[in-house]
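See structure below.
Source: prediction; values computed, not measured. Order of listing sets the numbers, starting from 1, for every ligand and every atom in it.
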Amino acid sequence: MDWLLRLVAFLLMKTVFLVKPIHWLLRKKRLAVPPVKDPIINLSATTLARKIREREISSEHVVEAYIKRIKEVNPILNAVVEDRYEDALREARNCDKRIETGEVNAIRLEIEQPLYGVPLTVKESCSVKGLNYTGGCLLRKGVKADSDGLAVEALRNAGAIPLCVTNTPELCLGFEANNYLYGKTNNPYDTRRTSGGSSGGEGALLGAGASVIGVGSDIAGSIRIPALFNGIFGHKPTPGIIPIRGHFPFSEGKLFQQYLVIGPMARYCEDLYLAMKVMSANCGTNLQLDEPVALNKLNVFYMEDAGQTVGVPKVDEDIKRAVTNASSYFKGYGCNVKRFNVDMRDALEYALSTFFTMDEMPQLLLNPDDPKKEKNLSWAVVKSLFGLSPYTRTALYLRFLKDVKVFMNDKKISHYKEQGKVLRENFMKILGEDNVLVCPSYTSAALMHNETIFNMSSVLYCVLFNLWGFPSTQVPMGLNKDGLPVGVQVVAMPNQDRLCLAVAKELEKGFGGWIPFAA
Ligand SMILES: CCCCCCCC/C=C\CCCCCCCC(N)=O
């Protein structure tokens with residue numbers, strides 16, 4: 001364990017108690033988000049697609065319902081950064097016309113375009129042709145995507161209709177969708193809290209019932225953490241099975257391409273399957289997503305917390321309870337349910353040293369004049385103190401962490417990287433091909449705005465699985481006593497995404513999945 005790192009992380013965790021009174025004084029009133037009224041909103045994308053192709057409902061009607069819902073909640077949430085409602089309605093009418101004239105038929109659509117006529121929302125960092133593509137960077141103001149990213153293209157080819165792009169932190173680096181370009185996104189369950197990040201705009205819209213299926217991205221929890229905070233499902237796929245080209249930030253670096261994934265976020269678990277099939281269609285790996293999983297043959301391991309917690313916030317009791325409830329539930333299926341015992345003592349050091357020494361890491365302080373030359377951190381911090389920096393505090397903080405050598409020398413870095421490999425091997429051995437791990441996605445439910453920066457080490461519960469290339473699904477597990485969503489993460493070995501999804505589906509049956517906020 002590296003004591004300097006742990007000490008800084010520990011002090012940072014405690015600092016939140018100094019700033020809490022300031023936050024409390026400056027806090028805004030909790031705003032009421034209107035409840036969902038239109039029953040269309042309570043149908044999954046899978047059901048909507050079937051109803052549209054079987055002419056039970058028109059795509060135009062569905063798209064209109066979602067536009068109406070977004071317009072109702074977005075003034076409160078600030079999740080949408082640019083929309084294309086007129087184009088979307090035109091495309092929906094065209095879908096309906098092609099069905100009416102017999103140009104397309106239900107049987108072929110189910111196979112060739114399983115999302116025909118279904119609305120979609122997209123994280124702004126995943127390019128949608130013609131829409132903003134800034135990655136939340138002030139210095140990229142006005143940048144538009146000149147084509148769809150490959151994942152978005154696959155969804156569009158499957159018939160989905162993008163409605164808008166949604167908010168992220170600067171460069172998607174952080175756990176609050178808040179930046180100097182678009183401002184901050186509120187959590188629909190409590191608007192004084194963050195919707196998380198980096199796919200926080202998606203999380204907020206989905207949690208509020210203003211989207212049925214969304215595209216997010218995740219390099220250290222950015223799908224799973226907002227999915228947790230907003231009570232929805234989010235799947236971080238095995239790397240390489242969904243193309244990430246068309247994402248900003250992007251790097252040609254091999255490790256970056258292994259850590260960063262694009263994946264689906266949804267209110268209904270069956271829609272994760274559908275989106276995964278569409279988005280991974282050309283991956284060349286047989287993920288067997290349609291194959292039934294023999295649940296009674298699964299070993300379900302569970303881990304309520306990472307043990308050695310110096311400098312890592314303790315996992316809240318309600319999240320721990322969600323982990324034990326979720327794992328115990330599988331006893332009823334005849335599964336072997338066991339506590340996961342591995343030594344996580346050096347996991348934080350491993351995560352820090354591995355993440356920030358990846359080859360060809362994208363610039364953290366964007367310098368549009370010279371993409372090879374990063375701006376000076378100290379100068380940027382000074383400017384920030386006077387409110388003159390184009391970089392958010394989170395970007396500055398992560399740029400500071402990138403200087404890993406402040407904490408450890410090369411020898412230690414190599415040592416911790418080796419420890420990480422051993423840890424990965426232990427996880428692999430225990431999980432094998434057929435087992436899953438249920439653990440926290442984060443240490444708490446949604447935090448107040450501006451607090452996640454003090455809890456950066458909570459990222460441990462997500463980032464390890466990016467570094468190791470394991471798939472993982474965030475599953476909602478009900479609301480806590482404050483009415484905030486809690487949930488768990490289901491992890492499996494690479495290419496065993498189907499196990500995560502199968503477990504998620506059962507948990508949805510058992511615990512109710514997405515639960516709308518109380519009015
Ligand atoms: C001094 C406190 C140190 C805590 C360090 C914890 C280890 C950090 C490892 C990786 C952090 C990456 C955070 C990047 C956030 C990216 C979110 C995303 N796009 O998935």
Side-chain angles (χ1 to χ4, degrees), residues 1-16 123-126 135-136 167-179 194 196-203 216-229 234 236 239 244 247-251 255-256 258-263 265 306 309-313 344 346-358 361-362 364 392 394-404 406-408 413 416-417 420 441-443 452-468 472 474:
M1 196 181 297
D2 188 85
W3 285 102
L4 181 60
L5 171 66
R6 296 289 176 150
L7 181 69
V8 175
F10 176 81
L11 291 175
L12 205 68
M13 271 164 55
K14 296 296 166 198
T15 313
V16 79
K123 180 179 184 179
E124 198 249 32
S125 60
C126 303
N167 207 13
T168 72
E170 181 179 357
L171 280 172
C172 302
L173 289 176
F175 301 110
E176 297 188 31
N178 184 6
N179 57 63
T194 177
S198 59
S199 314
E202 284 306 304
S217 62
D218 187 318
I219 197 169
S222 278
I223 287 176
R224 290 159 287 166
I225 293 169
L228 165 71
F229 284 9
K236 177 205 107 56
I244 58 167
H247 188 275
F248 176 82
F250 186 78
S251 156
L255 288 175
F256 178 86
Q258 189 180 310
Y259 302 159
L260 179 69
V261 292
I262 290 182
M265 299 169 75
T309 50
V310 183
V312 181
M344 303 275 282
D346 292 331
L348 191 68
E349 287 72 6
Y350 160 68
L352 180 83
S353 53
T354 307
F355 188 90
F356 287 107
T357 56
M358 75 172 96
M361 192 164 185
L364 297 190
T392 56
T394 310
L396 296 172
Y397 173 46
L398 287 166
R399 174 62 192 81
F400 163 69
L401 288 183
K402 189 180 159 198
D403 287 332
V404 183
V406 170
F407 297 105
M408 45 189 112
I413 291 176
Y416 288 125
K417 283 187 178 177
S441 306
Y442 195 74
T443 50
T452 62
I453 197 166
F454 301 101
N455 270 30
M456 193 54 87
S457 45
S458 296
V459 70
L460 185 64
Y461 290 92
C462 278
V463 70
L464 290 178
F465 307 121
N466 295 79
L467 301 177
W468 295 339
S472 139
Q474 147 62 36

What distance separates [X] [atom1] from [Y] [atom2], expressed to the nearest 0.5 Å?
X      : Y      : atom1 : atom2 : answer
Lys123 : Asp218 : NZ    : CG    : 7.5 Å
Ser199 : Ile262 : OG    : CD1   : 9.5 Å
Met1   : Arg6   : CE    : CZ    : 4.5 Å
Thr357 : Leu352 : OG1   : CG    : 8.5 Å

What class does the angle between the rings of Phe400 and Tyr397 fall in, given that below 30° is parallel, 30 to 60° is tilted and above 60° is perpendicular?
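Geometry flag for Tyr397 against Phe400: parallel rings.
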Heavy atoms from other residues, nucleotides or ligands near CZ of Phe10 exceed 12 (cutoff 6.0 Å)
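For Phe10, atom CZ is not crowded (no more than 12 foreign heavy atoms under 6.0 Å).
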Against heavy atoms of [X], which atoms of ligand 1 measure under 4.0 Å?
X      : result
Ala220 : 16 (C), 18 (C), 20 (O)
Phe175 : 15 (C), 17 (C)
Ile219 : 16 (C), 18 (C), 19 (N), 20 (O)
Ser198 : 19 (N)
Ala9   : 1 (C), 2 (C)
Phe355 : 10 (C), 12 (C)

Nearest protein heavy atom to [atom], by residue and atom, and its distance?
atom                    : answer
atom 6 (C) of ligand 1  : Leu348 CD1, 3.6 Å
atom 3 (C) of ligand 1  : Leu5 CD1, 3.7 Å
atom 19 (N) of ligand 1 : Ser222 OG, 2.5 Å
atom 13 (C) of ligand 1 : Leu398 CD2, 3.9 Å
atom 14 (C) of ligand 1 : Leu173 CD2, 3.9 Å

Select the closest option to [atom] among [options], judged by heavy-atom distance.
atom                   : options                        : answer
atom 4 (C) of ligand 1 : Ser457, Pro226, Gly221, Cys172 : Ser457
atom 2 (C) of ligand 1 : Tyr397, Tyr259, Phe407         : Tyr397
atom 5 (C) of ligand 1 : Asn455, Val8, Leu352           : Leu352

Beyond-backbone contact of Thr394 with Leu173, side-chain heavy atoms, under 4.5 angstrom:
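Counting from C-beta outward, Thr394 and Leu173 never come under 4.5 Å.
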May I ask whether Leu12 has any heavy atom positioned less than 4.0 angstrom from an atom of ligand 1?
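Not so, Leu12 does not reach ligand 1.
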Criterion side-chain hydrogen bond (donor to acceptor under 3.5 Å, both in side chains) on Glu176 and Thr452, from CA distance to verdict
CA-CA 7 Å; Glu176 297 188 31; Thr452 62; 2.8 Å; yes
Verdict with reasoning, Ser217 to Ile244, per side-chain contact (heavy atoms from CB on, under 4.5 Å):
CA-CA 9 Å; Ser217 62; Ile244 58 167; over 6 Å; no
If only atom types and distance count, is the side chain of Asp2 paired as donor or acceptor with the main-chain N or O of Leu5 below 3.5 Å?
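Judged by distance alone, yes, a pair lies under 3.5 Å.
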